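Heads up: the structure comes next, in structure tokens.
This one's a predicted model, so the numbers in the text were calculated from it and none came from an experiment.
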Amino acid sequence: MSAFSARLTRLMMSHAMMWLAIVIMAATGLYALTAGAVSRSQSDFGVVFASPDQWVADNQRLSFWLNIAALGCICILMHFITRAYKVPRTMTVVHITLFAVMCAATPMLTVGLCSGTVVCLLTGVAMVLIFSCFGNPRPQRRVFLAFFILSGAASCQYAFAVYIPVFLAACAQMRIFTLRTVLAALLSIITPWWLLLGFGIVSPSDFHLPQIVSIFTSIDLGRAIVLLTTVALTVVLTVASYLLTVLKLITYNAQTRARNGFLTLLTLVTAIAMVIDYSNLTAYLTLFNFCASFMLAHLITIHAGEKSGVGIVLIIITYLSLYVWTLAI
């Protein structure tokens with residue numbers, strides 16, 4: 001039995017399982033789209049431009065494949081973060097496997113291009129830029145670009161604005177919180193809007209309040225319950241993972257502690273944002289899955305053992321069961 005458990009653990013943490021999970025994510029999304037089982041968001045969460053949900057809404061197939069391509073880029077980004085910044089500290093791809101399965105459980109995140117995918121991808125890029133600045137005496141260019149991305153993207157999805165204070169706190173965690181860095185951040189926050197107005201791309205009359213329709217009014221009660229159950233499961237797994245690894249994480253070197261500290265802060269703020277801004281919940285959910293999968297990977301790699309594979313299998317089965325439940329209602 002122990003030999004079987006060891007083989008199962010190696011399989012669950014392998015590249016083959018990662019690719020299978022990505023295929024499952026794409027296949028479940030395509031099936032949900034073809035079956036017409038999931039309603040797309042009809043809200044516009046932009047303050048100048050339309051939110052990503054509306055970009056190619058008229059072409060469902062194109063929207064689906066663009067979304068899958070973007071989710072694939074997120075998976076590549078996750079692999080890069082692990083290789084370059086040792087998050088988690090042990091080289092693994094299990095976090096990508098878990099991320100793909102978590103996204104598959106919520107077809108609203110996979111059936112077409114949506115705010116959640118764009119928020120996760122661009123915030124992940126900004127995260128990499130900030131990670132690369134640790135202890136750098138001249139980080140201003142990368143800080144400028146990170147905040148430029150967040151501020152500019154807020155024009156089409158206000159959820160990005162939530163993360164601007166988080167990244168300011170990250171500058172302190174990365175030991176680059178100086179007057180020049182703060183000025184670079186503030187200038188980069190202003191610059192996208194200055195360019196949009198200065199070049200006549202938009203006018204003051206183009207600014208508008210987001211036309212919000214709560215996600216819970218666009219889906220029936222049964223699917224709302226499944227969605228909330230899925231989110232609750234991810235929250236419980238994330239909190240448990242943090243509590244079971246925090247003592248180990250504080251023994252790491254300063255760089256690793258800083259990066260994991262930022263990941264923890266990002267996870268916490270995203271969870272709070274989902275509660276407060278529940279009408280826009282799916283805009284945060286992909287990023288929350290992104291953070292949760294890293295924290296689960298910490299737990300799995302820190303407490304790696306022969307029975308870890310069983311735990312991964314149970315998590316995968318649970319999330320895929322939630323997907324089946326969504327389509328069965």
Could you give the distance from [atom1] ([X]) to [atom2] ([Y]), rounded to the nearest 0.5 Å?
{"X": "Leu287", "Y": "Cys291", "atom1": "CG", "atom2": "SG", "result": "4.5 Å"}
{"X": "Thr82", "Y": "His95", "atom1": "OG1", "atom2": "NE2", "result": "2.5 Å"}
{"X": "Ile300", "Y": "Met13", "atom1": "CD1", "atom2": "CE", "result": "6.5 Å"}
{"X": "Thr230", "Y": "Leu285", "atom1": "OG1", "atom2": "CG", "result": "8.0 Å"}
{"X": "Leu320", "Y": "Ile315", "atom1": "CG", "atom2": "CD1", "result": "12.0 Å"}
{"X": "Thr97", "Y": "Leu296", "atom1": "OG1", "atom2": "CG", "result": "12.0 Å"}

Test log, rule side-chain contact (heavy atoms from CB on, under 4.5 Å), inputs Leu66 and Trp55: CA-CA 11 Å; Leu66 285 175; Trp55 288 352; over 6 Å; no

Does the side chain of [Y] come within less than 4.5 Å of [X]'s, by heavy atoms?
{"X": "Leu197", "Y": "Pro204", "result": "yes"}
{"X": "Phe99", "Y": "Leu71", "result": "yes"}
{"X": "Thr267", "Y": "Tyr242", "result": "no"}
{"X": "Trp193", "Y": "Val48", "result": "yes"}
{"X": "Phe49", "Y": "Ile201", "result": "yes"}
{"X": "Phe290", "Y": "Thr123", "result": "no"}
{"X": "Thr326", "Y": "Pro107", "result": "yes"}
{"X": "Leu30", "Y": "Arg61", "result": "yes"}

Full working for side-chain contact (heavy atoms from CB on, under 4.5 Å) between Thr282 and Cys114: CA-CA 8 Å; Thr282 54; Cys114 62; over 6 Å; no

Might you point out which heavy atoms bring [X] and [Y] nearest each other, and give the distance in Å?
{"X": "Ala32", "Y": "Leu327", "answer": "CB-CD1, 4.4 Å"}
{"X": "Thr238", "Y": "Thr234", "answer": "OG1-O, 2.6 Å"}
{"X": "Val269", "Y": "Tyr163", "answer": "CG1-CE2, 4.5 Å"}
{"X": "Leu243", "Y": "Val246", "answer": "O-CG1, 3.7 Å"}
{"X": "Ala283", "Y": "Ala159", "answer": "CB-CB, 4.3 Å"}
{"X": "Arg259", "Y": "Val87", "answer": "CB-CG2, 4.1 Å"}

Trace of the side-chain hydrogen bond (donor to acceptor under 3.5 Å, both in side chains) decision for Asn260 with Tyr252: CA-CA 10 Å; Asn260 281 289; Tyr252 291 161; over 6 Å; no

Steps toward side-chain contact (heavy atoms from CB on, under 4.5 Å) verdict (Leu109, Met102): CA-CA 10 Å; Leu109 303 179; Met102 287 176 179; over 6 Å; no

Using modelled atom types only, decide if a donor and an acceptor are shared between the side chain of [X] and the backbone of [Y] within a distance under 3.5 Å.
{"X": "Thr106", "Y": "Cys103", "result": "no"}
{"X": "Arg142", "Y": "Leu129", "result": "no"}
{"X": "Ser63", "Y": "Gln60", "result": "no"}
{"X": "Thr181", "Y": "Gln140", "result": "no"}
{"X": "Thr117", "Y": "Asn67", "result": "no"}
{"X": "Ser241", "Y": "Leu237", "result": "yes"}

Around [X], counting heavy atoms of other residues, nucleotides and ligands shown, do more than 12 lie under 6.0 Å from its [atom1]?
{"X": "Trp19", "atom1": "CH2", "value": "no"}
{"X": "Asn253", "atom1": "CG", "value": "yes"}
{"X": "Arg180", "atom1": "CZ", "value": "no"}

Any pair counted as ring-ring contact (aromatic ring centres under 6.0 Å, His included), so long as it reaches residues 128-148, sequence neighbours left out: Tyr85-Phe131, Phe131-Phe262

Common cluster, [X]/[Y], ILVMFWY with side-chain heavy-atom separation under 4.5 Å:
{"X": "Ile164", "Y": "Met174", "result": "yes"}
{"X": "Ile312", "Y": "Val236", "result": "no"}
{"X": "Met12", "Y": "Ile317", "result": "yes"}
{"X": "Leu145", "Y": "Ile190", "result": "no"}
{"X": "Ile130", "Y": "Leu268", "result": "no"}

His298: partners by ring pair (Phe, Tyr, Trp, His ring centres under 6.0 Å), with sequence neighbours left out: none

Evaluation steps, side-chain contact (heavy atoms from CB on, under 4.5 Å), between Phe288 and Val231: CA-CA 9 Å; Phe288 189 71; Val231 173; 5.5 Å; no

Aromatic contact, Tyr319 with Tyr323 (centres under 6.0 Å): no

